[in-house]
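Computation of the quantities below employed the complete heavy-atom set of this structure, encompassing side-chain atoms and omitting hydrogens, waters and symmetry-equivalent molecules. Since the structure is predicted, the reported quantities are computational estimates derived from the model, not experimental observations. Here, residue 1 is the first one in the sequence, and each next residue gets the next number.
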Amino acid sequence: MDVRRRRLDLLLTLLRDSTRLFMRAIEALVLLAAVLGAAALTLVWVGIPLLLRVADLVRARAETERARVREHLRVDLRGPPRDAPTGPVLARVAMRVAEPVTRGELLWLTYQATAGVLVTALSVLECLTHLVLWWLPGPYVLTMHSRCSVRLLRTPGTGLEERVSELTRWRTLTVESQAAELRRIERDLHDGAQARLIALSLHLGMAHTLFDTDPDEARRMVLEARGMSGDILTGLRDLVRGIYPPVLSERGLGDAVRALALSMPVPIEVDVSLPPQRLGAALESAVFFAISESLTNAVKHADATLVRVSLRLDAHVLRIRVIDDGIGGADPRAGTGLAGLKHRLQAFDGAVSIQSPAGGPTEILMEAPCESS
């Protein structure tokens with residue numbers, strides 16, 4: 001009963017959407033006929049202002065469709081500027097016709113008037129034969145129809161605006177990430193090195209007061225202070241490695257990844273094919289820590305026993321592949337370190353792809369455009 005109820009609801013929704021599509025197709029057909037009629041009347045003067053008026057109606061209808069598609073597909077589909085051309089009627093018509101967005105809207109109008117009727121007929125036929133068709137392609141056809149409308153209604157230059165918006169967003173994330181990193185360094189210095197240095201100072205002060213009364217105890221405390229200073233130095237070195245590893249600045253990305261692999265508790269196979277020229281320092285640092293986060297995730301969360309890392313530079317694109325034999329199921333949205341990979345590489349116009357089916361293996365592919373220096 002529940003299956004039939006869900007199927008009936010799906011058919012009713014399909015019929016409702018098909019009816020709305022049919023109404024939009026009829027409206028587009030009327031507008032298309034008005035465009036053709038106004039274009040024919042341009043042979044006489046009355047057709048020129050009429051064509052401009054019809055073009056305004058098409059623009060308004062296209063804006064309504066853009067708003068519908070934005071809500072239905074969650075696509076950032078922006079329309080052209082709202083400033084209408086000014087001047088004589090003939091000049092305004094010429095300016096409107098010369099706009100690339102106008103040609104796209106006319107193509108969309110033609111597509112809506114023809115394909116809309118065909119898609120509606122298919123959906124209605126599917127509703128009438130629902131007892132035969134156990135798989136309903138109608139919803140997918142309607143979605144594909146909307147996606148085709150997106151391509152036709154996309155304003156030239158919108159891609160560049162979206163790109164600028166995306167870069168602005170990633171710049172904000174990068175600034176926030178750097179601020180968080182500075183706070184982490186400050187916290188580590190305050191809670192780690194600073195606290196240990198204060199303890200060392202107090203320890204040496206107590207040893208100084210015991211030199212005259214109990215020299216043996218004072219000597220023992222000085223030896224303890226020496227050990228404490230070694231621990232403080234080790235902590236500072238670890239902090240420096242967390243900011244920018246010395247081996248990365250001295251030996252480059254390949255040797256830094258090899259050194260990182262040796263410090264891991266599981267076997268790491270590293271295959272590096274990079275030119276002898278160094279990459280950019282900022283990119284090397286971002287890639288190194290991205291690989292470090294990938295390896296840490298493989299060891300801590302995936303229970304991997306073997307990890308393979310490969311680095312290649314092909315046609316000015318740095319490709320990093322990390323594959324482990326763990327349990328899989330890695331999800332960047334679950335709060336693991338994988339979420340930071342995209343943040344690190346997006347600042348360099350890079351991309352991250354994660355394939356991690358349940359049961360493994362997990363494969364992380366990172367790409368970043370670069371040029372050796």
Side-chain angles (χ1 to χ4, degrees), residues 6-42 47 50-82 93 95-162:
R6 287 197 299 268
R7 187 173 181 81
L8 180 60
D9 292 341
L10 182 59
L11 287 172
L12 291 177
T13 302
L14 178 60
L15 185 60
R16 181 198 62 194
D17 294 341
S18 301
T19 303
R20 292 176 178 176
L21 176 60
F22 181 73
M23 298 302 296
R24 293 197 300 269
I26 295 300
E27 184 180 1
L29 187 61
V30 173
L31 282 177
L32 184 61
V35 170
L36 296 177
L41 289 176
T42 54
L50 181 60
L51 183 61
L52 182 61
R53 179 56 182 165
V54 172
D56 292 337
L57 293 176
V58 173
R59 176 65 52 86
R61 181 65 189 87
E63 283 298 313
T64 303
E65 182 68 11
R66 289 187 181 98
R68 188 193 68 83
V69 170
R70 278 197 301 267
E71 181 179 358
H72 180 63
L73 297 180
R74 306 298 182 185
V75 177
D76 186 12
L77 185 62
R78 304 176 186 177
R82 296 182 179 274
V93 171
M95 293 175 62
R96 178 59 62 84
V97 173
E99 292 178 349
V101 66
T102 300
R103 293 192 291 271
E105 290 171 347
L106 290 176
L107 288 175
W108 162 78
L109 196 65
T110 305
Y111 172 77
Q112 185 81 343
T114 55
V117 175
L118 295 177
V119 172
T120 301
L122 175 62
S123 300
V124 172
L125 179 63
E126 181 178 316
C127 292
L128 295 177
T129 59
H130 67 278
L131 296 177
V132 178
L133 296 177
W134 291 98
W135 176 69
L136 298 176
Y140 303 98
V141 174
L142 290 175
T143 301
M144 290 301 299
H145 178 75
S146 297
R147 293 190 182 279
C148 291
S149 298
V150 169
R151 296 182 64 87
L152 294 174
L153 291 174
R154 190 175 295 276
T155 305
T158 302
L160 180 60
E161 294 178 0
E162 294 176 353

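- By the neighbour-count criterion of 12 heavy atoms within 6.0 Å, atom CZ of Phe22 is sparsely surrounded, having that number or fewer from other residues, nucleotides or ligands.
- The structure places CZ of Arg20 at 4.5 Å from CZ of Arg16, a figure rounded to the nearest 0.5 Å.
- To the nearest 0.5 Å, atoms CG (Leu36) and CG (Leu41) are separated by 11.0 Å.
- Thr19 OG1 to Arg24 CZ: the interatomic distance, rounded to the nearest 0.5 Å, is 10.5 Å.
- Scanning all heavy atoms of the two residues, the minimum distance from Thr110 to Leu32 falls at OG1-CD1, 3.8 Å.
- Contact detail for Leu51 and Val35: the closest heavy-atom pair is CD1-O, 4.2 Å.
- Look at Glu63 and Arg59 and you find no salt bridge, because none of the NZ, NE, NH1 or NH2 atoms lies under 4.0 Å from a carboxylate O.
- Between atom CZ of residue Arg66 and atom CD of residue Glu105 there is a gap of 4.5 Å, rounded to the nearest 0.5 Å.
- Rounding to the nearest 0.5 angstrom, the gap separating the CG atom in Leu21 from the CD atom in Gln112 is 6.0 Å.
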